[in-house]
Structures are given as C-alpha cells and as structure tokens.
Amino acid sequence: PVAEVMPGDVVEVNPGETFAADGVVRDGVGFVSEAAVSGEPFAVVRRPGDRVLAGTASHDATFRVEATSKGTERQVDRLLAAVEVARD
C-alpha cells in the first residue's frame, strides 16, 4: 500500500503503471508521462538518477525507483491539498 512506502524503499513500476511515490530512478530507461502533475502533454525520457513524481506514469519501461518521501507526503498530495484550500 502507498501509505506504507517510506524513504529508501525501492518500488517497481511496470509499463502502463503509475508511480506510487516520489523518488529517484535506480534502474530503467523509458518514457514517462507527467501530464497528471505538470500538464505537459509530451512524455519525457527518464533514466537512472532522474527524479520522478507520484502520479506520473511509465509508458514503455520497467523502472525501479527509490522513494524520497513517505507515501503519504507526495508532491501530488501537496498539490491536491493546495487546491482544496483554494476552493474553500
């Protein structure tokens, strides 16, 4: 479960799956769609050492990602909280 992800955990993401946690790519090279987080319509290449965010998705590669934050403290969660505050 996403809530159990801790910094340092390694999470595997397969083609077509969404990254569950913010982290750094340790293994894998491929295209990642960041549209859900950044609005960017074009997929970008991510490789070892690159940062990825929860909510983005692997198009064509299996990635092993080392989490850099708790599964409950992701960038996408902070964005959603800001939207909720703005709506109130």
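Fair warning: this is a prediction, and the values are worked out from it, not measured in the lab. The basis for the numbers below is simple: all heavy atoms, side chains too, and nothing from hydrogens, waters or symmetry mates.
Side chains of Val24 and Thr68 form a contact here, defined as non-hydrogen atoms less than 4.5 Å apart. Contact check for Thr18 versus Thr56: no side-chain heavy atoms found under the 4.5 Å cut-off.
Under a hydrophobic-cluster definition in which Ile, Leu, Val, Met, Phe, Trp and Tyr are linked whenever side-chain heavy atoms come within less than 4.5 Å, directly or via other members, Val65 and Val32 are assigned to the same cluster.
Applying the ring pair (Phe, Tyr, Trp, His ring centres under 6.0 Å) test to residues at least two apart or on different chains, none of the pairs has a partner in residues 23-43. Screening residues 47-56 for salt bridge (charged side-chain N to carboxylate O under 4.0 Å, His left out), with sequence neighbours left out, gives no hits. Among pairs with a residue in residues 47-72, those fulfilling ring pair (Phe, Tyr, Trp, His ring centres under 6.0 Å) read Phe19-Phe63, at least two apart in sequence or across chains.
Between Gly30 and Ala61, the shortest heavy-atom contact is CA-CB, 3.8 Å. Looking at every heavy atom in both residues, Val29 comes nearest to Pro48 through CG2-CD, 3.8 Å.
With sequence neighbours excluded, no residue forms a side chain to side chain donor-acceptor pair (under 3.5 Å) with Glu40. For Asp27, the salt bridge (charged side-chain N to carboxylate O under 4.0 Å, His left out) partners at least two apart in sequence or on another chain are Arg64.
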Using atom types as modelled, flag every donor-acceptor pair under 3.5 Å from a side chain in residues 3-15 to any protein atom, sequence neighbours excluded.
unit_1: Asp9; atom_1: OD2; unit_2: Met6; atom_2: N; d: 2.9
unit_1: Asn14; atom_1: OD1; unit_2: Thr62; atom_2: OG1; d: 3.3

